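Just so it is clear, the model here is predicted, and its values are computed rather than measured.
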Amino acid sequence: MFPGFPMACLTSAIEPLRAANEICGRREFVWRLVAETAAPVRSSAEIGFDPDETLQETDGLDHLYLLAPPTAEYADPRRSPARLRWLDRTGITLGAFSGGIFPLARAGLMEGRGCSVHWCYEAAFKAEFPNVAASESAILRDRRRNTVSGAGAVFDLMLRLVEERLGRETMTEVACWFQHPFVRDADASQKVPVARAGSTADSLPPQIREAIRLFETHVEDPLRIPDVASAVGLSGRHFERLFKRETGQSPLRYYHHLRLMKARQRVLYSNDSLREIAASVGYMTSSPMIRHYTELFGVSPKDERRLTLSLRQSRMTAPRVEAAE
């Protein structure tokens, strides 16, 4: 656990394993909370968790998962990554939930492997780790690396582990205990919202999905809208009309907002300069990007970065609140 880790990922990992133990009547799964130090770790929900042991102490594991925000830093940047690399050499499975993929990659443990990266961190991750293959899959298991994009997918991964150990019948009963609506296939893609449309990309017509894919893959070198219309086999007028009907925005406005959303990821989750960020989303200079960013989000990138950093620091240094007797 790193300070600010997503609490939902922790509970989504533990609860299905607890239920599986109860259903089969024996302790098939055991879990321990691990941190760099013995001090309580505050989650994203401002709730503190006491570690059972430190990273330097932990041993005898089959799996170890990193839970972190994307901005997580090692308290001991020399010993902690070295300890993770040693654990890897012992043959355990290492993994990451949500932003935990960042410290796992920073430890040099994702080289030559693919990983699941949450869509809201994807631009920042690709900028920091251009040589690590980031996938849109909700879950990716690749040679003793299990990476998961978010809490719902963490639950699905645990169901898979239950099935592999105790069988499909027990896995199904666990899912039904929690009224879990479905179990994702191993290659299922993440659900990604369509900006300002109240829907997800997989529910759109094929031509609009393909147009959005083209927009997504040409952020640094923006395409002309007529060229996108032609690429998806529609006339310019028909494309404009269909796109606006399905997303509530014109293609140009959607594309513009998409580029700024990518810029925002790097503002919030990287240390890149505004000039570098502007270039990465197709702006020749930073000034127009800053103006458009401020108009869309109501705050300048510089101010938003400063406010976010201040919030993270206050979360890490906030005093622990003890429950009343």
Side-chain angles (χ1 to χ4, degrees), residues 1-24 26-55 58 61-72 92-104 115-121 137-141 145-166 170-184 188 190-191 312 315-316 318 320-323:
M1 302 177 296
F2 289 76
F5 74 89
M7 189 175 76
C9 287
L10 178 61
T11 57
S12 292
I14 292 175
E15 283 296 284
L17 303 183
R18 176 192 63 80
N21 285 348
E22 291 194 34
I23 289 167
C24 73
R26 58 188 183 275
R27 198 166 172 79
E28 287 286 340
F29 297 98
V30 180
W31 49 89
R32 304 200 293 268
L33 302 185
V34 179
E36 286 189 84
T37 72
V41 182
R42 292 178 68 82
S43 70
S44 57
E46 303 290 343
I47 296 173
F49 289 83
D50 293 317
D52 296 311
E53 58 199 24
T54 68
L55 179 61
T58 195
L61 303 177
D62 297 312
H63 293 227
L64 178 65
Y65 293 96
L66 276 61
L67 291 87
T71 52
I92 75 169
T93 294
L94 294 173
F97 301 154
S98 190
I101 186 59
F102 283 79
L104 188 62
C115 60
S116 169
V117 178
H118 196 290
W119 59 267
C120 70
Y121 304 144
S137 298
I139 301 168
L140 189 58
R141 302 171 73 179
R145 296 292 184 274
N146 292 350
T147 54
V148 187
S149 57
V154 170
F155 199 103
D156 286 324
L157 173 63
M158 295 302 118
L159 289 178
R160 292 296 180 199
L161 298 182
V162 170
E163 180 181 21
E164 289 166 8
R165 189 173 184 90
L166 300 174
T170 301
M171 181 272 282
T172 302
E173 188 169 349
V174 170
C176 291
W177 266 37
F178 295 94
Q179 291 298 294
H180 194 62
F182 60 90
V183 180
R184 265 173 278 235
Q190 297 176 44
K191 290 283 187 179
R312 288 179 195 136
R315 178 182 293 147
M316 291 179 67
R320 186 182 183 195
V321 178
E322 298 289 350

Does any pair with a residue in residues 5-24 pass ring-ring contact (aromatic ring centres under 6.0 Å, His included), and if so which ones, sequence neighbours excluded? Phe5-Phe49
When rounded to the nearest 0.5 Å, the distance separating CG of Leu61 from CG of Leu94 is 9.5 Å
So, taking the atom named CG in Leu67 and the one named CE in Met7, what distance separates them when rounded to the nearest 0.5 Å? 12.0 Å
Give a yes or no answer on whether the side chain of Ser98 reaches the backbone of Gly150 with a donor-acceptor pair at less than 3.5 Å. no
Is Thr93 reaching over with its side chain to a backbone N or O of His63, donor-acceptor style, under 3.5 angstrom? no
Please round to the nearest 0.5 Å and tell me the distance separating atom OH of Tyr65 and atom CE of Met158. 4.5 Å
Of all heavy-atom pairs between Pro40 and Pro51, which one has the smallest distance, and what is that distance? CA-CD, 4.1 Å
When the ring planes of Phe155 and Phe178 are compared, do they come out parallel, tilted or perpendicular, using 30° and 60° as the limits? perpendicular
Residue list, side chain to side chain donor-acceptor pair (under 3.5 Å) with Asn21, at least two apart or on another chain: none
Could you state the interatomic distance from CG (Leu140) to OG (Ser149), rounded to the nearest 0.5 Å? 10.5 Å
Sequence neighbours excluded, the answer for ring pair (Phe, Tyr, Trp, His ring centres under 6.0 Å) partners of Phe29 is none
Interatomic distance, Leu161 atom CG to Asp62 atom CG [nearest 0.5 angstrom]: 10.0 Å
Would you call Glu164-Arg160 a salt bridge at under 4.0 Å N-O? no
Are the side chains of Val174 and Glu163 in touch, meaning some heavy atoms are under 4.5 Å apart? no
Residues two or more places apart in sequence or in another chain: which of them pass ring pair (Phe, Tyr, Trp, His ring centres under 6.0 Å) with Tyr121? His118, Tyr269
What's the separation between atom CZ in Arg145 and atom CD1 in Ile101, rounded to the nearest 0.5 Å? 9.5 Å
Search all heavy atoms of Thr147 against all heavy atoms of Ser116 and return the closest pair with its distance. OG1-N, 2.8 Å
Which pairs pass side chain to side chain donor-acceptor pair (under 3.5 Å) with one or both residues in residues 9-19, sequence neighbours excluded? Glu15-Arg18, Arg18-Glu22
Could you pull out all residues at least two apart from Glu36 that satisfy salt bridge (Lys or Arg N to Asp or Glu O under 4.0 Å)? none
